[in-house]
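Worksheet: one structure, shown below.
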Amino acid sequence: MKLLQEKILNDGRVSGNDILKVDNFLNHQLDIAFLNEIGKEFKNRFANEKIDKILTIEASGIAIASIASQHFGNVPVVFAKKVESKNLDKEVYETKVYSFTKGKEYSVKVSKRYLHEGENILILDDFLANGRAALGLKDLVDQANANVAGIGIVIEKGFQEGRSLLEKEGVKLESLAILKSIENGVITFK
Ligand code: 5GP
């Protein structure tokens with residue numbers, strides 16, 4: 001997606017040789033008009049899939065999924081919780097996700113009320129790196145005996161192993177921008 005590549009080049013900041021910061025439009029401040037274009041593009045990429053629900057993970061996925069939903073006929077958006085909460089139902093689907101950026105494993109949960117057998121679920125997230133978050137979300141869908149209709153990612157770090165792990169699982173994966181490398185502060189796309 002050309003517009004996204006331009007946005008990354010103009011506004012993205014590289015941290016080290018493997019982290020891209022996009023705080024000013026995606027991860028902290030939100031550019032709503034731009035996120036609307038992202039939502040529209042996800043609809044184009046998954047136009048042939050029947051989508052009953054969108055599943056994402058807090059926190060950054062929520063804005064993306066909410067805006068995208070409006071292009072999928074306002075389907076419900078469910079966000080998996082990674083922050084411990086006393087308010088969460090007792091009956092949950094739960095999986096463990098290792099975060100390389102945080103260097104720790106955390107538990108990700110969705111109430112059984114919000115994922116049902118046979119539903120077609122589109123998984124959306126901001127970044128794909130080593131694929132752990134996306135695989136964790138897929139595991140929650142599998143536990144519910146629902147179907148993964150596809151996985152949509154805003155920015156894929158093509159130099160990490162996420163894509164190959166997800167392709168092994170046989171899911172349709174669409175990334176709106178794929179980074180080839182971000183070495184020495186220089187961003188290149190695939
Ligand atoms: P994975 O589970 O695929 O290894 O990593 C994906 C998750 O880690 C994303 O949900 C995102 O929150 C975070 N992440 C991984 N790499 C980056 C990065 O370069 N920049 C930002 N902003 N987040 C990242």
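The first residue in the sequence is number 1, and the count goes up from there. In this text the structure is predicted, and so the values were computed from the model without any measurement. First listed ligand is number 1; within each ligand, the first listed atom is number 1.
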Nearest neighbour in protein (non-hydrogen) for atom 2 (O) of ligand 1:
Ala133 N, 2.8 Å
Tell me whether Arg113 is salt-bridged to Asp89, with the criterion being a basic N under 4.0 Å from an acidic carboxylate O.
yes
salt_bridge(Asp31, Lys7) N-O dist < 4.0 Å
yes
Using distance alone, with no hydrogens and no angle criterion, decide if His71 and Asn36 have a side-chain donor and acceptor under 3.5 Å apart.
yes
How far is atom 4 (O) of ligand 1 from its nearest protein heavy atom, and which residue and atom name does that atom have?
Asn130 N, 2.8 Å
Of the listed options (Gly131, Ser99, Gly162, Ser15), which comes nearest to atom 3 (O) of ligand 1 when hydrogens are ignored and any heavy atom counts?
Gly131
Without placing hydrogens or testing angles, list every side-chain donor-acceptor pair under 3.5 Å for residues 52-69, not counting sequence neighbours.
unit_1, atom_1, unit_2, atom_2, d
Asp52, OD1, Lys50, NZ, 2.5
Asp52, OD2, Asn120, N, 2.7
Asp52, OD2, Asn120, ND2, 3.1
Lys53, NZ, Tyr114, O, 2.8
Lys53, NZ, Glu119, OE1, 3.3
Lys53, NZ, Glu119, OE2, 3.1
Thr56, OG1, Leu124, O, 2.7
Glu58, OE2, Lys82, N, 2.7
Glu58, OE2, Val83, N, 2.8
Ser60, OG, Asn27, ND2, 3.0
Ser66, OG, Ile62, O, 2.6
Ser69, OG, Val75, N, 3.3
Ser69, OG, Val75, O, 2.7

Looking at Glu161 and Arg132, is there a salt bridge between them, counting it only when a charged N and a carboxylate O are closer than 4.0 Å?
yes
Check whether any N or O atom of Ala129, backbone or side chain, sits under 3.5 Å from an N or O atom of ligand 1, and answer yes or no.
yes
Can you tell which of Thr101, Asp125, Ile155 gets a heavy atom nearest to atom 8 (O) of ligand 1?
Thr101
Ligand 1 to Ile19 polar contact by distance, N or O atoms, under 3.5 Å
no
Taking NZ, NE, NH1 and NH2 as the nitrogens, is one of them in Lys109 or Glu84 under 4.0 Å from a carboxylate oxygen of the other?
yes
Arg45 side chain to Ser175 main-chain N or O, any donor-acceptor pair under 3.5 Å?
yes
Donor-acceptor contact below 3.5 Å, side chain Gln29 vs main chain Asn24:
yes
May I ask you to decide whether Glu174 forms a salt bridge with Lys172, counting only side-chain N to carboxylate O separations under 4.0 Å?
yes
Just distances here: any N/O of Asn27 and N/O of ligand 1 closer than 3.5 Å?
yes
Looking only at distance, does Val22 have an N or O less than 3.5 Å from an N or O of ligand 1?
no
Shortest reach to atom 21 (C) of ligand 1 by a heavy atom, considering only Phe100, Tyr98, Phe127:
Phe127
Closest protein heavy atom to atom 20 (N) of ligand 1, given as residue, atom name and distance to 0.1 Å
Leu20 O, 2.7 Å
Give a yes/no verdict on whether any heavy atom in Asp18 is under 4.0 Å from an atom of ligand 1.
yes
Considering only protein heavy atoms, which is closest to atom 9 (C) of ligand 1, and at what distance to one decimal place?
Asp126 OD1, 3.5 Å
Which residue and atom name correspond to the protein heavy atom nearest atom 17 (C) of ligand 1, and how close is it?
Lys157 NZ, 3.5 Å
